[in-house]
Amino acid sequence: MNYWLMKSEPDEFSIDDLQLSKDQKTAWQGIRNYQARNFLRDQVKQNDLVFFYHSSCKVPAIVGLVEVSQAATVDMSAFDINSTYFDKKSDIANPKWIQVELHFMEKFNRPISLKQLKADPRLTSMVLVAKGARLSVQPVSTEEFEHIMFLSR
DNA sequence: GCCAACGTTGGC
DNA sequence: GCCAACGTTGGC
């Protein structure tokens, strides 16, 4: 079992959008960064737990917990010319981009802001708080996971 | 909206 | 394969 953090801009897709969706599941499409793609392809497994992070918004924060309901499959949005995630250099005979499926678990009563995460001495080695960390799919250690779950209660 | 940090592209 | 130029991310 591994733990992850995945970023989403709430204006695009928020934890509320996921909770209110029909089956509370979403295809996590549009990852167009190789490091993030490699995590999705090689390490993110079914039943892994994922912190849902809101980025590029008023209060950047971990806002909830989701579960990987399906491991890596091909992200077909790369071949959809009408998709915002269309990648004209992507070849359907040799798919490059990967998606997973996420399932809603909970929305935190107490979201944990980036400010709070940065200030916490137990979280100084989190990928998220590292300078210039832009990675949109990133690993979370067991210790970090448990501490953040504690903070959310 | 600014801009620092980072990733990608492409000329050489 | 280097690296300057460019594009993107994302906090502030």
Side-chain angles (χ1 to χ4, degrees), chain A residues 2-21 26-44 48-68 71-141 143-145 147-152:
Chain A
N2 287 314
Y3 303 107
W4 306 95
L5 180 147
M6 299 190 194
K7 298 180 181 176
S8 186
E9 299 188 17
D11 290 346
E12 300 295 323
F13 189 78
S14 70
I15 189 84
D16 297 313
D17 294 329
L18 180 59
Q19 184 172 17
L20 295 171
S21 67
T26 188
W28 203 246
Q29 297 183 320
I31 300 297
R32 298 290 180 267
N33 167 283
Y34 287 105
Q35 202 179 348
R37 186 282 307 269
N38 293 347
F39 280 129
L40 292 182
R41 185 187 60 192
D42 304 331
Q43 295 191 52
V44 175
D48 281 358
L49 296 175
V50 180
F51 287 133
F52 197 104
Y53 180 82
H54 281 175
S55 66
S56 292
C57 57
K58 196 169 180 182
V59 183
I62 295 173
V63 293
L65 184 67
V66 302
E67 174 186 40
V68 178
T73 56
V74 173
D75 179 352
M76 296 301 289
S77 69
F79 312 114
D80 178 1
I81 197 163
N82 296 315
S83 169
T84 50
Y85 304 132
F86 178 66
D87 175 12
K88 65 174 187 289
K89 288 184 293 185
S90 204
D91 174 11
I92 197 160
N94 186 22
K96 183 160 75 169
W97 302 117
I98 292 296
Q99 67 182 40
V100 297
E101 185 186 69
L102 300 180
H103 182 240
F104 177 83
M105 290 192 75
E106 68 172 287
K107 180 181 172 181
F108 291 155
N109 291 323
R110 301 191 202 191
I112 300 127
S113 68
L114 180 61
K115 190 178 172 186
Q116 184 182 355
L117 293 165
K118 281 182 170 173
D120 194 313
R122 298 182 66 166
L123 299 174
T124 51
S125 54
M126 260 196 102
V127 177
L128 186 73
V129 307
K131 186 170 137 181
R134 305 196 316 190
L135 198 56
S136 60
V137 174
Q138 51 181 260
V140 171
S141 75
E143 293 76 16
E144 290 159 359
F145 178 82
H147 183 56
I148 290 166
M149 289 306 294
F150 168 78
L151 295 175
S152 74

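Labels below follow one simple rule: chain letters A, B, ... track the order of the sequence lines, proteins then strands, and each chain is numbered from 1. Please read these numbers as outputs of a predicted model, since none were measured by experiment.
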Original post:
Once the angle between the rings of A/Phe13 and A/Trp28 is folded into 0 to 90°, is it parallel (under 30°), tilted (30 to 60°) or perpendicular (over 60°)?
Top reply: perpendicular

**OP:** Pull out every residue in residues 122-140 of chain A that has a heavy atom closer than 4.0 Å to any atom of DNA chain B, ordered by number, or say none.
**Re:** A/Lys131, A/Gly132, A/Arg134

Subject >> ring-ring contact (aromatic ring centres under 6.0 Å, His included) partner of A/Trp4, the single match among A/Tyr53, A/Phe51, A/Phe39 >> reply: A/Phe39

Original post:
More than 12 non-hydrogen atoms from neighbouring residues, nucleotides or ligands closer than 6.0 Å to CG on A/Asn109, yes or no?
Top reply: no

Original post:
OP1, OP2 of C/dG11 versus side-chain N and O of A/Lys7: anything below 4.0 Å?
Top reply: no

Original post:
Roughly how many Å is it from NZ in A/Lys115 to C1' in C/dG11, rounded to a whole number?
Top reply: 13 Å

Validation: residues 116-131 of chain A side-chain donor-acceptor distances under 3.5 Å, sequence neighbours left out:
residue: A/Asp120; atom: OD1; partner: A/Arg122; partner atom: N; Å: 2.8
residue: A/Asp120; atom: OD1; partner: A/His147; partner atom: NE2; Å: 3.4
residue: A/Asp120; atom: OD2; partner: A/His147; partner atom: NE2; Å: 2.7

Original post:
Looking at A/Arg41, A/Lys96, A/Arg32, which one forms a salt bridge (charged side-chain N to carboxylate O under 4.0 Å, His left out) with A/Asp75?
Top reply: A/Arg32

Original post:
To the nearest angstrom, how far is A/Tyr34 atom OH from B/dT9 atom C1'?
Top reply: 11 Å

Subject >> Nucleotide B/dG7, atom P - distance to CG of A/Asp87 in whole Å >> reply: 18 Å

**OP:** Remember a base hit wins even if backbone is also touched, and classify A/Lys118 as base, sugar-phosphate or nothing at under 4.0 Å, heavy atoms.
**Re:** sugar-phosphate

**OP:** Nearest whole angstrom, please: distance from the P of C/dT8 to the CD of A/Glu9.
**Re:** 13 Å

Original post:
In whole angstroms, how far is the C1' atom of C/dT9 from the NE2 atom of A/His54?
Top reply: 17 Å

**OP:** Check whether the side chains of A/Asp17 and A/Ser14 place a donor and an acceptor atom closer than 3.5 Å, and report yes or no.
**Re:** yes

**OP:** Could you tell me the separation between the CG atom of A/Asp11 and the P atom of C/dG11, rounded to a whole number of Å?
**Re:** 13 Å

Original post:
Which whole-number value in Å describes the distance from A/Asn33 CG to B/dG7 C1'?
Top reply: 7 Å

Subject >> A/Tyr53 vs C/dG11: side-chain N/O to OP1/OP2 distance below 4.0 Å >> reply: yes

Subject >> For atom NZ of A/Lys88 and atom P of B/dT9, their distance in whole Å >> reply: 10 Å

Original post:
A/Lys89 side chain N/O closer than 4.0 Å to the phosphate oxygens (OP1, OP2) of B/dT9?
Top reply: yes

Original post:
Quick one: does A/Ile112's side chain get under 4.5 Å of A/Ser152's, heavy atoms only?
Top reply: yes

